[in-house]
K.L.:
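One structure coming up, written as structure tokens, with questions to follow.
In each ligand, atom 1 is the first atom listed, and ligand 1 is the first ligand listed.
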Amino acid sequence: MDIATTPTNPEGNPELADAAPSPAEPPVILRKDYTPFPWRVPQTKLAFGLGVETTKVVATLNVERNPDAEATQELRLNGDSLKADAVLIDGEPAADWTMDGPDLVVTLPGKSHEVTIETTIDPSANTTLMGLYASNGMLCTQCEAEGFRRITFFPDRPDVLSTYTVRMEGPKDQFPILLCNGNNTASGDGENGTHWAEWHDPWPKPSYLFALVAGDLVANSGTFTTMNGRVVELNVWVRAEDLPRTDHAVESLKKSMKWDEETFGREYDLDLYNIVAVSDFNMGAMENKGLNVFNTKYVLADTDTATDADFDAVEGVIAHEYFHNWSGNRITCRDWFQLSLKEGFTVLRDQLFSQDMQGEAVKRIEDVRILRAAQFPEDAGPLAHPIRPDSYREISNFYTATVYNKGAEVIRMMRTMAGEEKFRAGTDLYFDRHDGEAATCEDFITAIEDGAGLELAQFRRWYRQAGTPRVEVSQELAGDGLAVTLKQTVPPTPGQDVKGAMPIPLRVAVHCRETGAIGAEQLIVLTGDEERFTLPLSGPVPVLSINRGFTAPVVIERDLERDDLVFLAASDDDPFARYEAMQELVVKHLVAAASGDLDEAGRAAGKTAIGDAMRAIVTDGDLDDSMRGELMTLPSETYLFEAMATGNRKADPGAIHNEREQLKAAIGFTLKRELESLYARVVDVSFDDPAGRGARKVKSIIAGIFAASDPERAAIMAARQFDEADNMTDRQGALMVLCGLETPARAERLAAFYDRYQSNALVVDKWFTLQALSLHGDVQEHVKALAEHPDFTMSNPNRVRSLYMAFAGNPQGFHAVDGSGYKLIADVILALDPINPQTAARFVPALGRWRRIESVRAGLMKAELERISRAEGLSRDTFEQVTRSLEG
Ligand code: B3K
Ligand code: ZN
């Protein structure tokens, strides 16, 4: 699972577009240039002599001509920062091999050969965390997308599938546990305190799914019996001190295995499933066959150190990686342009799983919130790309919210249109038809068409066209129905000026504001640029409820009366539509206020309407508190930024922040009594009560509202919540409120939190994040001071993200009007790029939103991007993101 971030906007820059590429520029790879690899590699043998500073690798590849490709004597093996110690062909030293840039090229006269290559690598010097690297004294690997070529020379592309047999040998005291993909076939002791293990993975796989781990680890083990009676050994491997926090991971794995059998008919296919937690990891986790490697953040959880959200994230990511065993491993991608084939589909599968585990309504709202926070800005910015991109310079830059989250939404639309049962017939056909293959998005669409009986010719545009469609809604009474006219536009994106209409499935209903009648739901599909649908009325004052359940990833533009929105926010039967009405009410008010479009009366009327809707939510006795918490959550400043930056209007983050804080204060004043009585109820709900989760959510939201309306009271409430907390959710929620306040309790509780958890890296990450995200006016000074803290390091991605990604996501700090927040993040990019380019490049999108922001800040952001672009020796990752951000 990737840890997605948020970027920004377009408009062509002819000067840059016309500039001749300098010779040092990394090449652009095009989807249309795909050709099959001329050789097959049916078997691969690897022998590792393991050491933290010196690891020797002997790779033996059985190669044969690929009859489906053009014949050639040249075998090109990809390498990255490698040199060959020896090259043998059929057991003899090769006379005819050359290096072509980073690649090794051999000439092979016959139809099949055995190619052996020896390399030596230094895992301790590998700070990129791609390939084989050292983390806390252990050795581990990360090969997706192109990390295997840092271990040995190999055709490192996803359509070359091979069966791997691996021998690992190393010092037993340092590496008592030796793990690899597949099954452990033999092991024993060697000379001079070494030991060895042999592993065989019977399932052919591409090199990106290879994994190896060697270290001092202990396992929390369990078993799972599959639907056909296979008994699978499950192990979650961690450092000994982390073992008490692994039960939730093991349980999550068992639940995922069961769910995938019941929901998609997918059964596990090996006798062993290993998960290893490592603390230095570029992303969330990795689905290597039979040996998943995880960021500790998505394995370790107990109530003292992890929040409710952390528990959910562990469950969701374990499920995601497990589901990849079929959607990704048994059927992999032909080339990296097809990434959404495995990622979009697997995200949908993990979302559906979590809906079943955690509750459908709240999970759906959370997923839409993530889409809007990360993907919508990406689709509206210079880094916009279709879910199946057409080109890249560095594929790591395309593990994006578009490929993952929009990819999931696109497949979800197919499911909505087909219905659950037919969709399942489509996925069954896909799994049957392409098992063992490296497939394409087109293969997936065709299988769904054939299996589910859908016609998806026009729908394929969702794979080709970038940009979030906007659907304009107008309505009029027509006889005994409501005539609704829908008009769609798909905005231009870099390289795509003109778009065709997309099929947009929308669940709709027409309620009546006067009688409160709830209309029957139906599914309509907008396929043209403009269409008119007549929907049945349920009473005299019709109110349209549209995109219920968020059936399509689009922006709905409608001009509903404020009273209609208040009505929907208080009474729509679709939980998402209810949430959406509340968001819309608030967004409209705040964007108008931040744009200077409201006079005093307008402001007062807006606040009154929001207060009324919020009162209905706070006092609704039928609502569970988890859903109440969602409805009470105000739109984020990022989402408001998006809403404000439409058409020719630019976003003003300063005005958005001030208006949002003022609205919070107004809600706190107006609903003081109601919020206090809600707080008094939820504060008494015990941790283990089934209603506890919702209660905890609501508790911290109320404290946050009071922080704006009555900071002194909020400080007392939050300090008390912190002191009395018997779990991390309450403790973190309270500390978040305190971090934004000017009160002695802030420093006291921050110190207490640090003292209590200083030996737990994941909780220390929270401690950094809480301060970097805070609403405190001195946040930037705090961040600079924290960078000097002894626990801060640039070499651990979790720590870097905990401080700087949090700060880049803190509008008040990042968008400081003097540009100092931009400079701070640009400095981070420049300092991190030589250490870990992949993580460095993830910070660029925050600066890339410059075209959609008011001119003073836009100029400052652009200047920082230009400063980065002038730096010598930029990585391919950062070069590509900065160039696109300036061109877009
Ligand atoms: N497939 C991996 C992501 C690899 C990212 C490489 N930069 C994890 C996942 O999506 O499950
Ligand atoms: Zn994935």
K.L.:
If you round to 10 degrees, what value do you get for the angle at the Zn ion (ligand 2) between H324 atom NE2 and H320 atom NE2?
P.N.:
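Taking the Zn ion (ligand 2) as the apex, I get 100° for this pair.
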K.L.:
What pair of heavy atoms forms the shortest contact from N78 to D103, and how long is it?
P.N.:
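Of all heavy-atom pairs spanning N78 and D103, the closest is CA-OD1, 3.3 Å.
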K.L.:
Check ligand 1 against E343 and write out every atom of the ligand that is under 4.0 Å from a heavy-atom position of the residue.
P.N.:
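Checking each atom against E343, I get 1 (N), 9 (C), 10 (O).
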K.L.:
Assess R157 against F37: is NZ or CZ under 6.0 Å from the centre of the six-membered ring, and within 45 degrees of the ring's axis?
P.N.:
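The answer is no, since R157 fails at least one limit relative to F37.
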K.L.:
Return the set of residues passing side chain to side chain contact (heavy atoms under 4.5 Å, CB included) with K363 (not counting sequence neighbours), or none when no residue passes.
P.N.:
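For K363 the side chain to side chain contact (heavy atoms under 4.5 Å, CB included) partners, ignoring immediate neighbours, are S354, Q355, Q358, E366, D367.
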K.L.:
E287 heavy atoms, cut-off 4.0 Å: which ligand 1 atoms fall inside?
P.N.:
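Those atoms are 1 (N), 2 (C), 8 (C), 9 (C), 11 (O).
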K.L.:
Counting each atom of ligand 1 from 1 as listed, which ones have a heavy atom of M286 under 4.0 Å away?
P.N.:
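Those atoms are 1 (N), 2 (C).
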K.L.:
Examine E287 and say whether one of its N/O/S atoms is closer to the Zn ion (ligand 2) than 2.8 Å.
P.N.:
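Within the cut-off used here (under 2.8 Å), E287 places no N, O or S atom near the Zn ion (ligand 2).
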K.L.:
When you measure from the Zn ion (ligand 2) to each N, O or S atom of E343, which atom gives the shortest distance?
P.N.:
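Looking only at N, O and S atoms of E343, the one nearest the Zn ion (ligand 2) is named OE1.
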K.L.:
Ring centres of F224 and Y273 under 6.0 Å apart?
P.N.:
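For F224 and Y273, the ring centres are not under 6.0 Å apart.
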K.L.:
Going by an N to O cut-off under 4.0 Å, is there a salt bridge joining K254 and E251?
P.N.:
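Yes, K254 and E251 are salt-bridged.
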K.L.:
Please verify whether a non-hydrogen atom of Q838 lies at under 4.0 Å from ligand 1.
P.N.:
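Judged by the 4.0 Å heavy-atom criterion, Q838 does count as contacting ligand 1.
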K.L.:
Hey, which atoms in ligand 1 end up nearer than 4.0 Å to a heavy atom of H324?
P.N.:
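It comes down to these atoms of ligand 1: 9 (C), 10 (O), 11 (O).
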K.L.:
If we ignore hydrogens and angles and just use 3.5 Å, is the side chain of Q375 paired with the main-chain N or O of A401 as donor and acceptor?
P.N.:
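Such a contact is absent between Q375 side chain and A401 backbone.
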K.L.:
What are the atoms of ligand 1, with element, lying closer than 4.0 Å to any heavy atom of K342?
P.N.:
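Answer, ordered by atom number: 1 (N).
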K.L.:
Check each of E321, E146, E144 against atom 2 (C) of ligand 1 and report the one with the nearest heavy atom.
P.N.:
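Shortest heavy-atom distance from atom 2 (C) of ligand 1: E144.
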K.L.:
Applying salt bridge (charged side-chain N to carboxylate O under 4.0 Å, His left out), name anything that partners E442, two or more places apart in sequence or on another chain.
P.N.:
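If we apply the salt bridge (charged side-chain N to carboxylate O under 4.0 Å, His left out) test to E442, skipping adjacent residues, the hits are R460.
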